[in-house]
2 protein chains.
Amino acid sequence: MRLSDEIAAYILRMMECADDGEAELRRNELAEELGCVPSQINYVLTSRFTPEQGYVIESRRGGGGYIRIRRVKLERGMSPLMHTVNAVGNSLNAATAQAIVQNLLYQQLISKSSARLMLAALSDQAYRDVPMEQRDLLRAALLKQMLTALIS
Amino acid sequence: MRLSDEIAAYILRMMECADDGEAELRRNELAEELGCVPSQINYVLTSRFTPEQGYVIESRRGGGGYIRIRRVKLERGMSPLMHTVNAVGNSLNAATAQAIVQNLLYQQLISKSSARLMLAALSDQAYRDVPMEQRDLLRAALLKQMLTALIS
DNA sequence: CCTCCGAAGGTAAATAATGGTCAAAGTCAG
DNA sequence: CTGACTTTGACCATTATTTACCTTCGGAGG
């Protein structure tokens, strides 16, 4: 079995055991326990615990730091929002983003103020400092991140 | 639990107990009671009781010195949000952004789901495609954009 | 009054404890 | 053999704690 799969399995197990379904871990500790370099933990997190797969990750550096993984995906019958998260690729232009949000609002899947917030965050207006080539990637990531946050 | 968190919790408790909602303490005394060096109290104050988080601190040195921590109350209505927009510079790190949003939520100026959305949009998680040097600029722009959207 | 001393609190730098990023090198299925 | 996925390691960023030294205030003595 691949190392990454073992790490993923380990984290999944941690989440099942916790009563709140969250896994909180210390990167270096876990890396040591599983015999891998610390950065491999990051690799596993970014490749297997993405918003598309229904996970939200928070972390803190520094003394007493941690990584927390939360699952928001409902096991079956994916929520409509989750469906959108999966439908969005890794790139998204402003017009499409706007259409998606407006559609979610129309379907009453999100509130009006949520829609306003999301439109503001997805419009090119705020991306002045982001290189053009990266804007659509950022937009896609932002939309997915925000929708995932709404579900949990 | 981190020492700093214990200190912060202790101070929060003091504020809750006081009828005026203020906490007044003597640095050395508190340090002794919590088993830390006095300057750690300052660290906690500057890292967790900042103006962004809605606190004001006064203190006096010398005999009979003290430290007083107060929560500032923002007026209701839209103006506090506008005030926040104006107060945010053109660069904003993740920790400060989080503190600002959490404070807005605490003061009931934004809803819980708005806070969640904003936190998701302001966390570094979604910025993987944005060069490090631009992240704080983007974050500031995003926060201002989103708050402005809430106002209008 | 004025000075000086002791009792506070303040600051900054060093150190420790974590997690994050990036790119080179390796692996493996097709 | 090639492209996607993995694994590693060097280097970076953030947060916490400790230590040494500095500043301010009030009052006792002169």
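Within every chain, numbering begins at 1; the chains are lettered A, B, ... in the order of the sequence lines, protein sequences first and strands thereafter. Below, all heavy atoms of this structure are taken into account, side chains as well, without hydrogens, waters or symmetry copies.
- In this structure, the salt bridge (Lys or Arg N to Asp or Glu O under 4.0 Å) partners of A/Arg2, at least two apart in sequence or on a different chain, are A/Asp5.
- One N or O donor and one acceptor, one from the side chain of A/Arg27 and one from the base of C/dG20, sit under 3.5 Å apart.
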Let me have the donor-acceptor pairs involving side chains of residues 87-106 of chain A, under 3.5 Å, with sequence neighbours excluded, atom names and distances please.
{"unit_1": "A/Asn93", "atom_1": "OD1", "unit_2": "A/Ala95", "atom_2": "N", "d": "3.2"}
{"unit_1": "A/Asn93", "atom_1": "OD1", "unit_2": "A/Thr96", "atom_2": "N", "d": "2.7"}
{"unit_1": "A/Asn93", "atom_1": "OD1", "unit_2": "A/Thr96", "atom_2": "OG1", "d": "2.7"}
{"unit_1": "A/Asn93", "atom_1": "ND2", "unit_2": "A/Thr96", "atom_2": "OG1", "d": "3.3"}

Mind listing the side-chain donor-acceptor pairs of residues 108-122 of chain B below 3.5 Å, one per line with the distance, residues two or more places apart or on another chain?
{"unit_1": "B/Ser111", "atom_1": "OG", "unit_2": "B/Ser114", "atom_2": "N", "d": "3.1"}
{"unit_1": "B/Ser111", "atom_1": "OG", "unit_2": "B/Ser114", "atom_2": "OG", "d": "3.0"}
{"unit_1": "B/Arg116", "atom_1": "NE", "unit_2": "A/Ala149", "atom_2": "O", "d": "3.3"}

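- Residues that satisfy the salt bridge (Lys or Arg N to Asp or Glu O under 4.0 Å) test with A/Asp129, not counting sequence neighbours, are absent from this structure.
- Contacts with DNA chain C (heavy atom under 4.0 Å) in residues 37-48 of chain A: A/Ser39, A/Asn42, listed by number.
- In terms of the side-chain contact (heavy atoms from CB on, under 4.5 Å) criterion, residue partners of A/Arg26 (sequence neighbours excluded) are, by chain and number, A/Glu29.
- Between the CZ atom of A/Arg68 and the C1' atom of C/dT18 there is a distance of 15 Å, rounded to whole Å.
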Self-check item: Letter per nucleotide, 5' to 3', of nucleotides 23-30 of chain D [B base touched, S only sugar-phosphate touched, - untouched; heavy atoms, 4.0 Å]
Solution: BBBS----
Practice problem: Go along nucleotides 24-30 of chain C 5' to 3' and tag each nucleotide: B for a protein heavy atom under 4.0 Å from its base, S when only backbone or sugar atoms are that close, - otherwise. | Solution: -------
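- The distance between atom CD of B/Glu6 and atom C1' of D/dT17, rounded to the nearest whole Å, is 14 Å.
- If you measure from atom CZ of A/Arg26 to atom C1' of C/dG19, you get 11 Å, rounded to the nearest angstrom.
- Annotation: side-chain contact (heavy atoms from CB on, under 4.5 Å) contacts of B/Met132 (sequence neighbours excluded): B/Arg135.
- Of the residues in residues 133-149 of chain A, none has a non-hydrogen atom less than 4.0 angstrom from any atom of DNA chain D.
- B/Glu33 and B/Tyr10 are linked by a side-chain donor-acceptor pair at a separation below 3.5 angstrom, with hydrogens and angles left out of the test.
- In this structure, B/Asn28 reaches the C/dG9 phosphate: one of its side-chain N or O atoms is under 4.0 Å from OP1 or OP2.
- The salt bridge (Lys or Arg N to Asp or Glu O under 4.0 Å) search around A/Glu24 returns A/Arg68, not counting sequence neighbours.
- Through side-chain heavy atoms spaced under 4.5 Å, either directly or across other Ile, Leu, Val, Met, Phe, Trp or Tyr residues, A/Met1 is tied to no other residue.
- Between the CG atom of B/Leu25 and the P atom of C/dG10 there is a distance of 10 Å, rounded to whole Å.
- Atom pair A/Met1:CE and D/dT6:C1' shows a separation of 14 Å (rounding to whole Å applied).
- Taking atom CE on B/Met132 and atom C1' on C/dC22, their separation rounds to 10 Å, with Å as the unit.
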